[in-house]
**Student:** 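Here it is, the structure in full.
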Amino acid sequence: MEQPTEGQGRTTPIDRNRELLKSAREETYKVVGDVSLPAYIWQPAPEKCPPYPRSVAAFFFSSGWDHGQVTQFAPHCVYFASRGMTAIAFDYRVSTRHGTGPLEAMADARSAIRWIRLNSAELGINPGKIVAVGGSGGGHAVASAAMLKGYDDSTDDLTINSVPNAVVLFNPVIDTSKHGFGLDRFPDAKAAKNANLIRAIARGMPPMLVMHGTADRVIPFEGSYAFCRKMARKKNKCRLIEFERQGHGFFNFNLSFEMYEATLMAMDEFLVELGFIESDPNAGLGVEGTA
């Protein structure tokens, strides 16, 4: 990849991802007051579509529930659409844009999963093969949909199941105690304690893949390690992939193509193993920038 010379402007990664977002179809999945939350949908090309309802990957961008960009996972969506899935990037409420916190993000994740199932026929997807994918606070939101009761918006149809069938997490917020991340972002200590995912582990959880950098200075790696150990003790399928010496957000395309590709292929392998997509010996990105 060419490097910018002295004084030469550099196109920021967000511009590239925003261009990818333009290739998606935009729909509104939720309206709260005067806030409309969009979902950006990528469908596979006809030659990539399986002869049965597709699996769907639902992406929730990284945040500390304060800010973040729905464009973050656009490259991932483009890739998994090329693998025969429907891929959707969901916007959700954060404090800088909506004056909200973790509880609203948790509610939005539930609404998004319900929206997918409600519209499964129109989307051409299998409502029993939804993988929810999230980073940081977005990871907490989707994992909470899989693990915690309540946190539903009053406008949701509670007869529709909001639990995803699998979960993939990138450096997720797991432990919301003083030893983890985000205690001060909840309304009070009790709310943070109730949202602590380590405390919520029980048998029968959806299969999960967790990828976390051991040098993460924002969200302690130890939280993911303790989480996956306890999940295993409860006989749940939970795979932790440690990325040595990697910091927070290491998996993003704009930080390291090598790490981006490694985490993408780990997710691909996980979904093949679960039967969400077909095995493909040619799966991969090949060269930098093809996503």
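Because the structure is a prediction, the values reported are computed rather than measured.
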**Student:** Closest approach of F221 and L240, non-hydrogen atoms and distance?
**Tutor:**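 Nearest pair, atom of F221 first, then L240: CZ-CD2, 4.0 Å.
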
**Student:** Should the pair R229-E222 be classified as a salt bridge under the 4.0 Å nitrogen-to-oxygen rule?
**Tutor:**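 Looking at E222 together with R229, the answer is no, because their closest N to O distance does not fall below 4.0 Å.
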
**Student:** Have N17 and Q72 got a donor and an acceptor in their side chains that come within less than 3.5 Å?
**Tutor:**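 Their side chains do not contain a donor-acceptor pair, so the 3.5 Å distance test is not met.
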
**Student:** Could you walk me through whether L169 and M211 pass the side chain to side chain contact (heavy atoms under 4.5 Å, CB included) test, one step at a time?
**Tutor:** CA-CA 6 Å; L169 304 173; M211 292 177 276; over 6 Å; no

**Student:** Taking the side chain as everything from C-beta on, heavy atoms only, tell me whether I88 gets closer than 4.5 Å to W115.
**Tutor:**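 Touching, per the 4.5 Å side-chain cut-off.
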
**Student:** Can you check whether S95's main-chain N or O pairs, donor with acceptor, with D66's side chain at less than 3.5 Å?
**Tutor:**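 Pair absent, no side-chain N/O of D66 close to backbone of S95.
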
**Student:** Let's go through V167 and L209 carefully: what are the C-alpha distance in whole Å and the side-chain angles of both, what is the deciding distance for side chain to side chain contact (heavy atoms under 4.5 Å, CB included) to 0.1 Å, and is it a yes or a no?
**Tutor:** CA-CA 6 Å; V167 178; L209 170 64; over 6 Å; no

**Student:** According to a hydrophobic-cluster definition based on side-chain heavy atoms being under 4.5 Å apart (Ile, Leu, Val, Met, Phe, Trp, Tyr only), do V131 and V163 belong together?
**Tutor:**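 No; V163 is not reachable from V131 via cluster members.
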
**Student:** Do you reckon V35 sits in the same ILVMFWY cluster as V70, going by side-chain contacts under 4.5 Å, direct or chained?
**Tutor:**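 They do share one cluster, since a chain of ILVMFWY contacts under 4.5 Å joins V35 to V70.
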
**Student:** Does any donor atom in the side chain of T71 or R18 lie under 3.5 Å from an acceptor atom in the other side chain?
**Tutor:**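 No donor-acceptor contact under 3.5 Å links the two side chains.
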
**Student:** Parallel, tilted or perpendicular: which describes the rings of H76 and F73, with under 30° parallel and over 60° perpendicular?
**Tutor:**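 If you compare the ring of H76 with that of F73, the planes turn out perpendicular.
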
**Student:** Looking at E278 and K48, is there a salt bridge between them, counting it only when a charged N and a carboxylate O are closer than 4.0 Å?
**Tutor:**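 Answer for the salt bridge query: no.
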
**Student:** Side chains of F251 and S62: does their closest heavy-atom pair fall under 4.5 Å?
**Tutor:**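 Yes; the side chains approach each other to less than 4.5 Å.
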
**Student:** N126 side chain to S55 main-chain N or O, any donor-acceptor pair under 3.5 Å?
**Tutor:**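 Checked: no pair found.
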
**Student:** Are any side-chain N or O atoms of S136 and backbone N or O atoms of G138, one a donor and one an acceptor, separated by less than 3.5 Å?
**Tutor:**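 No, the answer is negative, given that no donor and acceptor are paired below the 3.5 Å cut-off.
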
**Student:** Is there a side-chain contact between F80 and L271 (heavy atoms, below 4.5 Å)?
**Tutor:**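 Side chain of F80 against side chain of L271, heavy atoms only: contact under 4.5 Å found.
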
**Student:** Is it true that D156 and R110 make a salt bridge, defined as a side-chain N closer than 4.0 Å to a carboxylate O?
**Tutor:**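 Not counted as a salt bridge, because no side-chain N and carboxylate O are separated by less than 4.0 Å.
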
**Student:** If you round to the nearest 0.5 Å, how far is CG of N254 from OH of Y260?
**Tutor:**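 Between atom OH of Y260 and atom CG of N254 there are 11.0 Å.
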
**Student:** Check whether Y79 and F257 end up in the same hydrophobic cluster, where Ile, Leu, Val, Met, Phe, Trp and Tyr are linked by side-chain heavy atoms less than 4.5 Å apart.
**Tutor:**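 Linked within one cluster.
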
**Student:** If we ignore angles and hydrogens, is there a donor and acceptor under 3.5 Å between the side chains of Y92 and S63?
**Tutor:**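 On atom types as modelled, these side chains qualify, holding a pair under 3.5 Å.
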
**Student:** Can you name the nearest heavy-atom pair linking D152 to S162, along with the distance?
**Tutor:**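 The answer is OD1-OG, 4.5 Å.
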
**Student:** Would you compute the distance between atom CD1 of I116 and atom CZ of F90 and round it to the nearest 0.5 angstrom?
**Tutor:**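 If I round to the nearest 0.5 Å, the distance is 4.0 Å.
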
**Student:** Rounded at 0.5 Å granularity, tell me how far CD1 in I241 sits from CZ in F270.
**Tutor:**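 With rounding to 0.5 Å, CD1 (I241) is 9.5 Å from CZ (F270).
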
**Student:** Looking at K193 and D188, is there a salt bridge between them, counting it only when a charged N and a carboxylate O are closer than 4.0 Å?
**Tutor:**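 Salt bridge: no.
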
**Student:** Quick one: do L37 and T28 satisfy side chain to side chain contact (heavy atoms under 4.5 Å, CB included)? Show the steps, please.
**Tutor:** CA-CA 6 Å; L37 295 174; T28 298; 5.7 Å; no

**Student:** If we ignore hydrogens and angles and just use 3.5 Å, is the side chain of Q43 paired with the main-chain N or O of L123 as donor and acceptor?
**Tutor:**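 Yes, because the side chain of Q43 sits within donor-acceptor range (under 3.5 Å) of the backbone of L123.
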
**Student:** Write down the atom of P172, the atom of I219, and the distance for their closest heavy-atom approach.
**Tutor:**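 Nearest pair, atom of P172 first, then I219: O-CG2, 3.2 Å.
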
**Student:** Check the pair E19, L21 against side chain to side chain contact (heavy atoms under 4.5 Å, CB included), reporting the backbone distance first and the verdict last.
**Tutor:** CA-CA 5 Å; E19 286 301 310; L21 203 69; over 6 Å; no

**Student:** Are side-chain heavy atoms of R233 and R203 found at a separation under 4.5 Å?
**Tutor:**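 A side-chain contact under 4.5 Å is absent here.
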
**Student:** Taking everything shown except E269 itself, do over 12 heavy atoms lie less than 6.0 Å from its CD?
**Tutor:**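 Counting neighbours around CD of E269, 12 or fewer heavy atoms of other residues, nucleotides or ligands fall under 6.0 Å, so no.
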
**Student:** Assess whether a salt bridge exists between R93 and D153, defined as any Lys/Arg side-chain N lying under 4.0 Å from an Asp/Glu carboxylate O.
**Tutor:**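 Counted as a salt bridge, because a side-chain N and a carboxylate O are separated by less than 4.0 Å.
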
**Student:** Could you tell me if the side chain of R54 sits less than 4.5 Å from the side chain of M85, heavy atoms only?
**Tutor:**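 Side-chain contact under 4.5 Å: no.
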
**Student:** State plainly whether one hydrophobic cluster holds both V218 and L255, where clusters connect Ile, Leu, Val, Met, Phe, Trp and Tyr through side-chain heavy atoms under 4.5 angstrom apart.
**Tutor:**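 No, it is not one cluster - the side chains of V218 and L255 are not joined through contacts under 4.5 Å.
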
**Student:** Contact between N165 and P206 at the side-chain level, heavy atoms closer than 4.5 Å - yes or no?
**Tutor:**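 No. Closest side-chain heavy atoms not under 4.5 Å.
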
**Student:** For T96 and H67, does a side-chain donor sit closer than 3.5 Å to a side-chain acceptor?
**Tutor:**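 Looking only at side-chain atoms, H67 and T96 do not form any donor-acceptor pair under 3.5 Å.
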
**Student:** Check whether any side-chain heavy atom of E242 lies under 4.5 Å from a side-chain heavy atom of Y225, and answer yes or no.
**Tutor:**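 A side-chain contact exists here, since the closest heavy-atom pair is under 4.5 Å.
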
**Student:** Calculate, to the nearest 0.5 Å, the distance between atoms CG and CG belonging to D91 and D108 respectively.
**Tutor:**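 Rounded to the nearest 0.5 Å, the CG-CG separation comes to 8.5 Å.
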
**Student:** Distance alone, cut at 3.5 Å: any donor-acceptor contact between the side chains of T214 and Q246?
**Tutor:**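 No, no side-chain donor-acceptor pair sits under 3.5 Å.
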
**Student:** Should L183 and L148 be counted in the same cluster of Ile, Leu, Val, Met, Phe, Trp and Tyr side chains packed under 4.5 Å apart?
**Tutor:**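 Different clusters.
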
**Student:** Side chain of N236, backbone of A232: donor and acceptor closer than 3.5 Å?
**Tutor:**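 Checked: no pair found.
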
**Student:** Are the side chain of K230 and the backbone of I198 linked by a donor-acceptor contact shorter than 3.5 Å?
**Tutor:**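 Yes, because the side chain of K230 sits within donor-acceptor range (under 3.5 Å) of the backbone of I198.
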
**Student:** I'd like to know if the side chain of H248 pairs up with that of D216 as donor and acceptor (distance under 3.5 Å, no hydrogens or angles considered).
**Tutor:**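 The answer is yes; a qualifying pair exists.
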
**Student:** Output yes when a side-chain donor or acceptor of R117 lies under 3.5 Å from a complementary backbone atom of N161, and no otherwise.
**Tutor:**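 Yes, the answer is positive, given that a donor and an acceptor are paired below the 3.5 Å cut-off.
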
**Student:** Would you say E258 has more than 12 foreign heavy atoms packed within less than 6.0 Å of its CD?
**Tutor:**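 No, CD of E258 has 12 or fewer neighbouring heavy atoms, counting only those of other groups under 6.0 Å.
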
**Student:** Is there a side chain to side chain donor-acceptor pair (under 3.5 Å) between W42 and T86? Walk through the geometry before answering.
**Tutor:** CA-CA 6 Å; W42 285 262; T86 292; over 6 Å; no

**Student:** Should the ring pair W65 and F181 be called parallel, tilted or perpendicular, given that the plane angle runs from 0 to 90° and is split at 30 and 60?
**Tutor:**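 Judged by the thresholds at 30° and 60°, the geometry between W65 and F181 is tilted.
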
**Student:** What are the two closest heavy atoms between K30 and V32, and how far apart are they?
**Tutor:**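 Here K30 and V32 meet closest at CE-CG2, 3.4 Å.
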
**Student:** Looking at every heavy atom in both F59 and A87, which two are closest together, and how far apart are they?
**Tutor:**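 The answer is CE1-CB, 4.4 Å.
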
**Student:** Between D157 and R114, does at least one N-O distance fall below 4.0 Å, as a salt bridge requires?
**Tutor:**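 No, no charged N to carboxylate O under 4.0 Å.
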
**Student:** Write down the atom of G213, the atom of F250, and the distance for their closest heavy-atom approach.
**Tutor:**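 For G213 versus F250, the nearest heavy atoms are N-CE2, 3.5 Å.
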
**Student:** Say you draw a straight line from OH of Y29 to OH of Y40; how long is it, rounded to the nearest 0.5 Å?
**Tutor:**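 Answer rounded to 0.5 Å: 11.0 Å.
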
**Student:** Nearest 0.5 Å, what's the CG-NZ distance between L274 and K237?
**Tutor:**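 The CG atom of L274 sits 6.0 Å away from the NZ atom of K237.
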
**Student:** For the residue pair I201 and R199, establish whether any side-chain heavy-atom pair is separated by less than 4.5 Å.
**Tutor:**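 The answer is no, as the side chains (C-beta and beyond) never meet within the 4.5 Å cut-off.
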
